[in-house]
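Order of the sequence lines fixes the chain letters, A, B, ..., with proteins taken first and strands second; residue numbering starts at 1 for each chain.
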There are 2 protein chains.
Amino acid sequence: MDETLRLSLQTCFALYGASRAVTSAYRPLLDPLGLTYPQYLVLLVLWERDGRAVKEIGAELRLDSGTLSPLLKRLEAAGFVERRRETADERVVTVHLTGSGRALRESVACVPGQVAAKAGLDREELIALRDVLTRLTRTIEGKTP
Amino acid sequence: MDETLRLSLQTCFALYGASRAVTSAYRPLLDPLGLTYPQYLVLLVLWERDGRAVKEIGAELRLDSGTLSPLLKRLEAAGFVERRRETADERVVTVHLTGSGRALRESVACVPGQVAAKAGLDREELIALRDVLTRLTRTIEGKTP
DNA sequence: GGCATTTAGATTGCGCACAACTCAATCGCG
DNA sequence: CGCGATTGAGTTGTGCGCAATCTAAATGCC
C-alpha cells in the first residue's frame with residue numbers, strides 16, 4: 001500500500017486510541033464524583049456561563065439533543081443541574097447549576113492538572129497539539145457540513 | 001484558572017472533538033459498504049494477517065472482548081468473517097476473512113486517501129501528529145495499567 | 001387571521017466502549 | 001495425578017454518539 005495512505009491510517013488510529021486513552025485517564029478522577037467525561041464537559045460549559053439553552057451547550061460541545069437530552073437528565077437526577085422550560089419561548093430549555101453543581105467545581109479543580117501529568121507532554125507540545133487538532137476538526141467540519 | 005490547566009482542558013477537548021470528526025469523516029465512505037469505523041479497523045488487522053485470535057485483535061486495537069465479541073458477531077452476520085473455535089485450545093476463537101471480506105479490501109482502497117484529503121494536513125504534520133499521539137497514548141497507558 | 005415552514009428539544013434505535021461478571025478450558029504446582 | 005489459579009471468550013448493564021423521527025411552539029408569508 002501507498003506510504004501516504006498508510007500514514008493517514010496510522011494517524012487516524014492514533015487519534016482514535018489517544019482519545020480513548022485520555023478519557024480513561026479522566027475516568028478514575030471523575031468516577032468518585034459520579035461524573036463521566038462528557039458530563040464533566042457540560043459542567044465546564046455551565047461553570048463558565050450558567051443558564052444556557054440545550055442548543056447552546058450543544059453548539060459548544062458539538063453534541064446534538066440525542067446525546068444531550070439523556071445526559072442532562074442524568075445530571076439532573078444526580079442533583080447537579082436543573083432544567084427550566086423558558087416562558088418567553090417554550091421550545092427552549094435552559095440548564096441551571098444547583099448548589100451542589102456549583103460546589104463540584106472546587107472538587108474537580110485538580111483534575112486537569114492530574115490528567116496533564118499523566119499525559120506527560122510539555123507546554124509547547126500541548127499548544128501545538130491543541131492547535132493542529134482544532135484546525136483538523138474545523139477543516140473536516142467545513143467539508144462535511 | 002491556571003493557564004496550564006486551561007491548556008490541558010483545551011487539548012483534551014480538542015482530542016475528543018477531532019476523534020469524533022475523523023470518525024464522521026469515515027462514516028459516509030464506509031456506510032455504503034455496511035461498515036463502521038471500528039469494524040473497518042478490525043478488517044485492517046485481518047487483511048494484514050488473517051486467522052487471528054480475538055485476543056490478538058484486541059491487543060492490536062486495545063479493545064476488550066466486551067467490545068469485540070458483538071462487533072465480530074455483526075461482521076460475521078454481514079458475511080465478512082467467520083469465527084472458528086480452535087481444537088488445540090478450545091478457549092480460543094480465531095477470526096477468518098471470507099471471500100467477500102477479502103474482496104472488501106479493494107472497495108476501501110481509496111478510503112484513507114479521501115479521509116486524508118478531508119483532513120487537509122500535509123505529510124510532515126501527519127507524521128508529527130501520529131508520533132505525539134502515539135507517545136501520549138503509551139505514556140497514559142503506562143500510568144493507568 | 002390562517003396555514004405552511006422552521007426551530008428546540010425529546011425519543012427511538014443501533015453500535016460502540018468499558019466495567020463487572022460468568023463459564024469453560026487450560027495451566028501450574030504440590 | 002488432582003485441584004486451585006489463570007486464561008479466553010462471551011454476556012450484561014450503563015453511558016455515550018449519532019441518525020432518524022416526533023411533537024409542540026414559534027415564525028413567516030399571504
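- The 5' end of DNA chain D is approached more closely, in terms of each residue's nearest nucleotide, by B:Lys55 than by the other of B:Arg27 and B:Lys55.
- Side chains of B:Val108 and B:Leu44 form no contact here, defined as non-hydrogen atoms less than 4.5 Å apart.
- In this structure, CD of B:Glu90 is placed 6 Å from P of C:dA25, rounded to the nearest angstrom.
- Rounded to an integer number of Å, the gap from OH of B:Tyr40 to P of C:dC16 is 15 Å.
- A salt bridge between B:Glu86 and B:Arg91 is absent, with no side-chain N of the basic residue lying under 4.0 Å from a carboxylate O of the acidic one.
- Checking C:dT6, C:dT26, C:dC16 against every side-chain atom of A:Arg91, the shortest atom distance belongs to C:dT6.
- Between the side chain of A:Thr36 and the main chain of A:Gln39, a donor-acceptor pair closer than 3.5 Å is present.
- Counting to the nearest Å, the P atom of C:dT11 and the CG atom of A:Leu71 are 14 Å from each other.
- Remark on DNA chain D: of its neighbouring residues A:Asp89 and B:Ser69, the 5'-side contact belongs to B:Ser69, judged by nearest-heavy-atom nucleotide.
- Under the 4.5 Å side-chain criterion, counting only non-hydrogen atoms from C-beta, B:Ile57 is not in contact with B:Val54.
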Checklist line | Stepwise side-chain contact (heavy atoms from CB on, under 4.5 Å) check, A:Arg6 with A:Asp2 | finding: CA-CA 6 Å; A:Arg6 189 179 298 275; A:Asp2 183 338; over 6 Å; no
Notebook entry, point to check: Does the side-chain contact (heavy atoms from CB on, under 4.5 Å) test come out yes or no for B:Leu35 and B:Leu104, once each step is laid out?
Noted result: CA-CA 10 Å; B:Leu35 288 177; B:Leu104 214 49; 3.7 Å; yes
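- Counting only heavy atoms from C-beta outward, the side chains of A:Lys118 and A:Pro28 approach each other to under 4.5 Å.
- For DNA chain D, none of the residues of residues 76-87 of chain A falls under the heavy-atom distance limit of 4.0 Å.
- Nucleotide C:dA17 holds its P atom 13 Å from the CG atom of B:Leu72, rounded to whole Å.
- The aromatic rings of A:Trp47 and A:Tyr40 lie perpendicular to each other, with more than 60° between the two planes, well past the 30° mark.
- The 5' end of DNA chain C is approached more closely, in terms of each residue's nearest nucleotide, by A:Pro70 than by the other of A:Pro70 and B:Thr67.
- Separating the CG atom of A:Asp64 from the P atom of C:dT11 is a distance of 14 Å, rounded to the nearest angstrom.
- Along DNA chain D, read 5' to 3', the first and last nucleotides having any atom under 4.0 Å from a heavy atom of chain A are D:dG15 to D:dA26.
- Nucleic acid contact for A:Ala88: sugar-phosphate only, since backbone atoms but no base atoms lie under 4.0 Å from a heavy atom of the residue.
- For A:Arg135 and B:Glu125, the salt-bridge test passes: some basic side-chain N is under 4.0 Å from an acidic carboxylate O.
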Going by atom type alone, with no hydrogens or angles, which donor-acceptor pairs under 3.5 Å involve a side-chain atom of residues 72-83 of chain B and a protein atom two or more places apart or on another chain?
{"from": "B:Glu76", "atom 1": "OE1", "to": "B:Arg83", "atom 2": "NE", "distance (Å)": "3.1"}
{"from": "B:Glu76", "atom 1": "OE1", "to": "B:Arg83", "atom 2": "NH2", "distance (Å)": "3.2"}
{"from": "B:Glu76", "atom 1": "OE2", "to": "B:Arg83", "atom 2": "N", "distance (Å)": "3.0"}

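- The salt bridge (Lys or Arg N to Asp or Glu O under 4.0 Å) analysis of residues 92-104 of chain A, with sequence neighbours excluded, yields the pairs A:Asp50-A:Arg102.
- Near-neighbour residues of DNA chain D inside residues 10-19 of chain A, defined by a heavy atom below 4.0 Å, are absent.
- A sub-4.0 Å separation between OP1 or OP2 of C:dG15 and a side-chain N or O of B:Lys73 is absent.
- Counting to the nearest Å, the C1' atom of C:dA17 and the CG atom of A:Asp31 are 14 Å from each other.
- A 4.5 Å side-chain heavy-atom check between B:Arg20 and A:Leu63 finds at least one atom pair inside the cut-off.
- Residue A:Leu7 is grouped with residue B:Tyr37 when hydrophobic side chains (ILVMFWY) are merged at heavy-atom distances under 4.5 angstrom, including chains of intermediate members.
- A side-chain N or O of A:Thr94 and one of A:His96 form a donor-acceptor pair less than 3.5 Å apart.
- By the 4.5 Å heavy-atom criterion applied to side chains, B:Asp64 and B:Leu68 are not counted as neighbours.
- Within the 4.0 angstrom heavy-atom criterion, no nucleotide atom of any strand lies near A:Leu68.
- Note: CZ (A:Arg52) to P (C:dA8) measures 16 Å, nearest angstrom.
- One end of the helix from C:dG1-D:dC30 to C:dG30-D:dC1 points its axis 10° away from the other end's axis, with each axis taken from 5 pairs and the angle rounded to 10°.
- Residue contacts shown for A:Thr36 are limited to sugar-phosphate atoms, with no base heavy atom under 4.0 Å away.
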